[in-house]
Each structure stands twice: as C-alpha cells, then as structure tokens.
Amino acid sequence: MPVLNHARRFLTEQLAAKINQMVIGSDGTQATADDGGARTLAKIVPIVRVIDDQTILVEGRFGTTYNFPAADVQEIVLQHKDPATNAFIPIYRTDVRAITKSAQNEIRITLLIEVN
C-alpha cells in the first residue's frame with residue numbers, strides 16, 4: 001500500500017524545514033546518491049517553499065559580491081547545518097556545466113525537488 005497523501009505532505013514539510021544552506025562548489029564529478037558534500041566556493045541561506053504534497057522549491061542568489069577567478073561553479077549542494085554543533089547533513093547534490101562566476105555576473109539557482 002502506498003504512503004497516504006497527508007503522510008507524504010508531512011514528510012515533504014519536514015525535509016523542507018531542514019534545508020537551511022545552499023552551497024556552490026567546484027567539484028565537477030557526477031552526482032550520485034552517495035555524495036557526502038561539496039568543494040565549497042560559497043554558502044547562502046536559500047528560500048525554501050513547499051509547493052505541493054511532494055514538491056519543494058529552493059531558490060538562491062549569488063550576487064556580484066561573489067567572485068571565483070580560480071574555479072568554475074560545477075555543483076550545487078543543499079544541506080542542513082545544525083547551528084548548535086556546526087555539523088551538516090547533505091540533502092541534495094547536482095553537478096552542472098561549468099559556470100564562470102565573476103564580480104560582473106550573478107547566479108540565480110532554482111531547484112524543484114520531488115519527494116517520493
């Protein structure tokens with residue numbers, strides 16, 4: 001028997017509440033289910049919204065104050081960082097085509113995550 005919709009919504013809301021950090025990194029390796037983190041270039045607190053019973057929208061903006069002349073952005077990681085212990089739990093990682101981030105451009109990231 002499948003999980004009921006109200007239980008799926010509960011799980012989606014719990015996961016969305018835990019996402020409190022978006023990381024862009026320079027690791028260009030293929031993303032897998034066993035990933036443990038990022039080669040961090042920068043971190044921000046993203047905007048996180050529950051769209052429906054199984055969809056989370058996560059948005060982040062890295063403005064012109066972020067500048068990485070020595071490395072391209074090649075990955076995006078969402079994670080939960082516990083402020084009490086500074087420990088983090090990676091939640092989602094994706095690899096992207098290399099993006100050159102300078103003080104002359106900004107990167108806006110929008111992710112839709114389906115919780116099954």
Side-chain angles (χ1 to χ4, degrees):
M1 180 171 151
V3 173
L4 299 175
N5 287 338
H6 59 275
R8 186 182 317 269
R9 176 65 178 228
F10 174 78
L11 294 172
T12 300
E13 289 174 351
Q14 293 297 307
L15 181 60
K18 294 294 183 189
I19 299 171
N20 61 5
Q21 196 170 76
M22 179 183 281
V23 179
I24 55 174
S26 60
D27 185 353
T29 61
Q30 183 175 3
T32 69
D34 296 322
D35 284 332
R39 287 192 191 155
T40 302
L41 294 172
K43 303 173 188 175
I44 61 168
V45 176
I47 297 168
V48 181
R49 291 182 288 197
V50 174
I51 301 298
D52 62 26
D53 289 346
Q54 62 188 65
T55 309
I56 301 169
L57 175 69
V58 183
E59 298 176 301
R61 178 181 164 269
F62 294 86
T64 56
T65 57
Y66 296 92
N67 183 24
F68 313 111
D72 287 338
V73 174
Q74 296 186 68
E75 66 179 325
I76 301 161
V77 176
L78 301 178
Q79 59 190 20
H80 170 69
K81 183 173 181 183
D82 184 341
T85 64
N86 281 335
F88 71 91
I89 299 169
I91 294 172
Y92 173 88
R93 177 181 178 265
T94 188
D95 53 289
V96 295
R97 255 192 293 172
I99 302 168
T100 301
K101 176 65 185 89
S102 70
Q104 306 303 313
N105 64 355
E106 75 175 23
I107 298 175
R108 290 180 182 248
I109 299 167
T110 302
L111 300 170
L112 281 173
I113 300 172
E114 184 177 23
V115 180
N116 288 321

Hydrophobic cluster membership, [X] vs [Y], 4.5 Å side-chain cutoff:
X: I76; Y: Y92; result: yes
X: V23; Y: V58; result: no
X: I44; Y: I113; result: yes
X: I91; Y: V50; result: no

Query raised in the report: Quick check: does any side chain N or O of D82 sit under 3.5 Å from a backbone N or O of A84, one acting as donor and the other as acceptor?
Result: yes
Requested in this report: Check for a donor-acceptor pair, side chain of N20 on one end and backbone N or O of K81 on the other, with a separation under 3.5 Å.
Outcome: yes
Point-to-point distance, once rounded to the nearest 0.5 Å, from [atom1] of [X] to [atom2] of [Y]:
X: I24; Y: R39; atom1: CD1; atom2: CZ; answer: 15.0 Å
X: N67; Y: T100; atom1: CG; atom2: OG1; answer: 11.0 Å
X: E75; Y: R93; atom1: CD; atom2: CZ; answer: 4.5 Å

Query raised in the report: Is there side-chain contact between L41 and Y66, with heavy atoms separated by less than 4.5 Å?
Result: no
Who passes side chain to side chain contact (heavy atoms under 4.5 Å, CB included) against [X], sequence neighbours left out?
X: R108; result: R61, E106
X: L57; result: R49, I51, E59, T110, L112
X: A7; result: V3

Please give me the minimum heavy-atom distance between [X] and [Y], naming the atom from each residue.
X: I99; Y: V96; value: CD1-CG2, 4.4 Å
X: D72; Y: A98; value: OD2-CB, 3.6 Å
X: M22; Y: P46; value: N-CD, 3.7 Å

**Report entry** Contacts of type side-chain hydrogen bond (donor to acceptor under 3.5 Å, both in side chains), residue Q21, not counting sequence neighbours
**Finding:**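 With sequence neighbours excluded, Q21 shows a side-chain hydrogen bond (donor to acceptor under 3.5 Å, both in side chains) to Q79, given in chain and number order.
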What pairs of donor and acceptor atoms, side-chain ones from residues 9-19 against any protein atom, are under 3.5 angstrom apart with sequence neighbours left out?
unit_1, atom_1, unit_2, atom_2, d
R9, NE, E13, OE2, 2.9
T12, OG1, R8, O, 2.9
T12, OG1, D53, O, 2.7

Report task. Using a cut-off of 6.0 Å, state whether more than 12 heavy atoms not belonging to Q104 lie near its atom CD. Result ->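 No - once you tally the heavy atoms of other residues, nucleotides and ligands closer than 6.0 Å, there are 12 at most.
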Query - Contacts of F68 that satisfy ring-ring contact (aromatic ring centres under 6.0 Å, His included) - sequence neighbours left out - result: none
